[in-house]
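To start, the structure itself, in structure tokens.
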Amino acid sequence: MRIASTKKIHAGTILAQTIYNENGAVLIKKGMKLTEKLLRRLLNNGITYIYIEDGTTSDIKVDQTIPDKLRIEATNMIKDTFTELQEVGLSKRSYIIEERSTGLKNVVEKILGEIQQNEKSLSLLADIFVSDNYVFQHSLNVTIYSLAIGVELNFSKKQLAEIGVGAMLHDIGKMFIDPNILQKPDKLTDEEFEIIKGHTQVGFDYLRKHPYIPTVISHCAFQHHERLDGSGYPRGIQESEIHPYAKVIGIADVFDAVTSSRVYRDAMLPHEGLEILYAGAVNLFDKEMIEAFKRSVVAYPNGLTIELSDGRIGVVIRQNSNLCDRPVVRILEENETTVDEPYEVDLEHTVNVTIKEVLVE
Ligand SMILES: [Fe+2]
């Protein structure tokens with residue numbers, strides 16, 4: 001299978017990876033020939049990239065970060081917790097987190113188990129789930145990334161449990177904000193932007209009231225948009241004033257935001273998301289944490305077509321767990337002609353060649 005841009009593929013292309021909705025129901029099954037109508041549905045659902053089948057890459061496997069079943073369970077846990085808050089009256093709101101806290105902790109533990117046990121790099125592009133509300137998928141992805149960074153930074157078991165729940169709930173304040181503003185496709189007015197920024201304070205005020213929620217978890221909601229140089233919000237605190245959990249969640253948050261498609265823009269690919277983080281590594285984000293993240297996330301996922309510095313073109317077929325940005329590539333084209341016998345180049349052991357460009361058709 002190969003990664004292709006939904007905008008550029010034509011009717012008749014075979015889908016190589018099933019697309020689910022957030023409840024785990026199949027939207028489009030793998031093996032289906034995509035019709036114009038199905039292509040439109042993919043675009044309407046905001047899916048920027050998909051896996052397609054082509055003759056030369058049918059044996060390439062996609063690495064799942066967490067099993068589909070766990071992804072569905074976790075998303076539903078977040079969805080139920082978050083939506084219940086909106087549905088009940090003010091007086092009952094305080095019970096919801098209390099009731100759900102054991103469930104949230106269990107899900108965090110299961111995700112952590114997957115990350116630790118497999119020691120594999122994170123490749124979320126493979127997980128094609130469509131959600132009716134971006135915040136649920138986003139909260140889960142941020143949890144996965146934050147836990148991976150925490151593991152790399154040798155956080156203790158207690159710290160990992162805390163940052164996991166903190167990441168799950170970091171955007172809970174968004175449930176108290178007018179959805180018309182949150183999902184507005186056009187440019188926000190200054191006033192609307194201020195309202196959205198308020199999700200940090202609102203989330204904090206909600207979580208801090210709960211005796212079951214440790215203060216550090218409320219601070220994940222409060223501080224995840226703060227930046228090292230003081231340019232963040234809501235308080236503009238700096239450097240060591242920002243809790244380490246919030247710094248980690250801030251990195252995970254930005255990466256997931258830019259690599260997810262939104263109503264107003266397409267998703268970036270992982271290597272581009274990493275570039276964005278690197279650009280902020282001096283002023284905005286903790287450099288050591290970004291390095292830790294880079295060690296855990298796949299920069300060039302399996303199925304991606306790339307051009308090497310010597311002009312050869314191939315498809316990523318396997319990852320090197322030690323070097324997340326130097327995968328194994330199957331060469332399909334050299335000297336501008338298709339090779340008769342495709343062969344492998346392992347970039348971990350081929351030091352004189354770099355990845356020059358990503359070519360997504
Ligand atoms: Fe946020």
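Counting from 1, the numbers follow the sequence of the chain as shown. All values derive from a computational prediction rather than experimental measurement. In listed order, ligands and their atoms are each counted from 1.
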Q. Going through the checks in order, is the salt bridge (charged side-chain N to carboxylate O under 4.0 Å, His left out) test met by K294 and E291?
A. CA-CA 5 Å; K294 204 187 151 206; E291 293 292 347; 5.2 Å; no
Q.
Walk me through whether E53 and R2 qualify under salt bridge (charged side-chain N to carboxylate O under 4.0 Å, His left out).
A. CA-CA 6 Å; E53 216 52 272; R2 202 196 274 240; over 6 Å; no
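Y233 and H225 have parallel rings, their planes meeting at less than 30° on a 0 to 90° scale where 60° marks the start of perpendicular.
Residues that satisfy the ring-ring contact (aromatic ring centres under 6.0 Å, His included) test with H243, not counting sequence neighbours, are Y245.
Within a radius of less than 2.8 Å around the Fe ion (ligand 1), the protein N, O or S atoms are D171 OD1, H199 NE2, H224 NE2, H225 NE2.
Between H271 and D325, the side chains place no donor N or O within less than 3.5 Å of an acceptor N or O (distance only, hydrogens not considered).
The backbone N or O of T350 lies less than 3.5 Å from a partner atom in the side chain of R326, making a donor-acceptor pair.
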